[in-house]
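Scroll down for the structure; my scribbles are underneath it.
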Amino acid sequence: MIRFESVTKEFPDGTVAVDALSLTAPTGKITVLVGPSGCGKTTSLRMINRMIEPTGGRILIDDRDTSTIDAAELRRGIGYVIQHAGLFPHRTILANITTVPLLLGWDKARATSHALELMDRVGLPQSFAKRYPSQLSGGQQQRVGVARALAADPPVMLMDEPFSAVDPIVREQLQDEFLRLQEEIGTTIVFVTHDIDEAIKLGDQVAVLRVGGRLAQLAAPEELLSRPVDDFVADFVGRDRGYRTLGFRTAPFPTSSEPTVRLGASAADARGVTDDPWVLVLDDDDHPVGWVERERLDGTVTRDALHRGGTVASTDGPLRQALDAALSAPSGRGVIVGPDGVFVGTVRARDLIEPIEASAARERAASSADASGDEAGEGAGEGIVVAEPKAL
Amino acid sequence: MDWFTSHLDDVWRLSVIHAYLAGIPLLLGLVVALPLGWLARRFSWAYPPLIIGTGLLYTLPSLAVFILLPGILHTQILDPVNVLVAMTVYTVALLVRTVADGLGAIPDDVRLAANAMGYRPVRRLLGVELPLAVPVISAGLRVAAVSNVSIVSVAAIIGVEQLGSLFTDGFNRDFFAPIVTGIIACGVLSLLFDVVIVVVTRLLTPWTRARAAS
């Protein structure tokens with residue numbers, strides 16, 4: 001657990017970068033600091049490992065005041081990932097990853113075997129071990145950066161805009177893998193970003209900072225979306241807040257049965273199962289693979305003939321996923337699978353409105369209960385993972 | 001050509017002395033320039049005096065230095081130590097800026113990462129900064145090597161034997177063969193120094209060629 005106790009940083013020229021910041025980053029959770037540039041988020045992060053010294057207040061890690069710990073020792077116990085990875089260009093990938101373990105005095109064999117294991121975990125082939133950073137793409141370098149930060153199994157990891165320098169597709173992939181990795185390792189993470197969508201996707205709790213280094217709101221992502229405390233937070237969180245909130249809500253919803261054909265079936269078979277212009281296609285494992293247009297069918301049903309626009313939602317997934325599946329399906333019927341990926345049925349957008357309204361009503365009831373003094377349900381307890389809908 | 005073949009032994013002997021007088025100061029100069037360059041980079045107030053001061057050393061006329069050094073060092077005028085010290089001074093003059101700039105050219109995010117991982121200053125210098133500065137320092141060293149080979153020959157005027165002696169000999173006898181031989185030998189020596197520096201640099205910096213290999 002990392003605790004900021006009214007931490008202030010005033011630079012010699014009188015600029016106040018962080019102003020009496022108090023917050024707690026709970027053990028094993030991801031706390032995201034987000035805000036516009038000049039809000040002191042990076043300064044706050046760097047005060048944790050004393051790259052910047054606070055001018056007021058204290059920072060405690062597991063109840064130890066960091067100012068009482070030797071700075072170099074402290075940093076060796078804290079993983080650190082920066083925007084451009086900051087890999088050592090003169091060292092191989094393996095040597096980069098083993099840096100901190102070797103500084104800590106691990107023997108080389110142990111550091112190496114642990115590093116190779118980490119490469120595996122972050123999705124780097126072991127054949128990269130002897131390469132140099134310049135031989136890797138930006139996304140691969142960032143994976144090395146994460147592996148290097150984790151190499152000595154630090155209980156705490158700091159991440160400063162680690163995914164913002166890679167292209168959007170790679171970024172999303174790295175974010176998903178990062179969440180999966182975090183589920184395995186459960187490190188206490190403080191993550192800085194200027195991207196509110198990234199904050200909402202990754203954070204167990206999100207701290208929105210305003211310019212001048214003051215905390216505007218500290219809340220779980222869903223609460224940030226549904227109950228921003230003021231205009232600044234509301235503006236910063238941005239539009240589509242109501243819709244984005246659905247990304248955190250689950251509720252049972254009705255599904256209808258849907259006529260289907262298998263890949264490889266003949267056009268005549270496909271035309272026979274339904275009069276609807278669109279027919280859903282399953283593979284041999286009953287996983288949905290896409291829609292075909294009845295009229296255009298010719299010969300047999302092949303993957304080439306499939307419409308690719310629709311997304312798939314899971315029965316236990318967030319309502320946003322189900323709604324997106326319905327809206328994106330060419331037939332207007334969203335494809336729903338079970339947790340195992342097996343086709344369950346379809347749902348129309350109009351059938352989702354009622355569950356959505358019901359869940360919103362439950363949410364309002366819960367929040368008025370909070371307001372009447374019961375704070376127990378509030379805060380950033382749950383680990384929330386937003387599963388993006390898979391494309392068909 | 002006749003003169004060269006009949007004086008092969010002499011040319012070889014003078015070349016070895018020349019290499020010694022130009023080469024040893026290269027190493028000594030590097031050893032002195034490394035901490036000075038580091039100081040200039042580490043403390044911003046130290047940068048101007050160190051860079052300007054050591055740079056000015058290079059403007060000292062070499063003949064005057066060769067003549068004045070024995071008085072300062074209490075050595076004999078013909079003592080090769082005078083030449084070694086003078087050439088070390090010139091090497092330092094050329095290398096301090098190179099070392100400072102080489103250390104300064106290290107990307108901020110690399111330095112930041114090293115700090116964040118818990119490197120202390122000395123280990124960071126030896127393990128991260130210096131290895132990364134090798135290409136820049138090596139470039140400076142190549143200039144200093146050629147400069148040394150050239151300046152050492154001036155010491156022939158005060159009577160310290162090396163390839164420069166061929167120039168004074170040829171001048172005194174109005175005879176071109178030793179002069180041409182001396183020029184060629186100096187050229188070959190410079191080239192050898194250059195090759196050695198390039199090879200050592202390549203061995204120290206496999207990472208600079210990694211991109212091409214991928």
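Within every chain, numbering begins at 1; the chains are lettered A, B, ... in the order of the sequence lines, protein sequences first and strands thereafter. Keep in mind that this is a model prediction, so the values were computed, not measured.
- For chain B, the nearby parts of A:L103 are the backbone and the side chain; heavy atoms of each come within less than 4.5 Å.
- Side-chain atoms of A:R76 come within 3.5 Å of backbone N or O of B:G118 as a donor-acceptor pair.
- For A:L158, no part lies under 4.5 angstrom from a heavy atom of chain B.
- The two atoms that bring A:G86 and B:A113 nearest to each other are O-CB, 3.3 Å, heavy atoms only.
- You'll find the side chain of B:L112 stays beyond 4.5 Å of the side chain of A:Q83, heavy atoms only.
- Looking at A:I48, neither its backbone nor its side chain comes within 4.5 Å of chain B, counting heavy atoms on both sides.
- At least one donor-acceptor pair under 3.5 Å links the side chain of A:H90 to the backbone N or O of B:G127.
- Other residues, nucleotides and ligands place more than 12 heavy atoms under 6.0 Å from the CD atom of A:E184.
- Taking CG of B:D108 as the reference point, atom CD1 of A:I82 lies at 9.5 Å (rounded to 0.5 Å).
- Between B:M117 atom CE and A:F88 atom CZ the span is 3.5 Å, to the nearest 0.5 Å.
- When all heavy atoms of B:W207 and A:P89 are compared, the closest pair comes out as CB-O, 3.3 Å.
- When the shell of 6.0 Å around CZ of A:F128 is examined, it contains more than 12 heavy atoms from other residues, nucleotides or ligands.
- Only the side chain of A:R148 comes within less than 4.5 Å of a heavy atom of chain B; its backbone N, CA, C and O stay farther away.
- Heavy-atom minimum distance, A:A72 versus B:R120: CB-NH1, 3.3 Å.
- Contact of B:R123 with chain A is made through the side chain alone, with heavy-atom distances under 4.5 Å.
- When the shell of 6.0 Å around CD1 of A:I169 is examined, it contains 12 or fewer heavy atoms from other residues, nucleotides or ligands.
- A:T99 contributes atom OG1, which lies 5.0 Å from atom OH of B:Y119 (distance to the nearest 0.5 angstrom).
- The greatest number of non-hydrogen atom pairs below 4.5 Å with chain B, out of A:R50, A:R91, A:H84, is found for A:R91.
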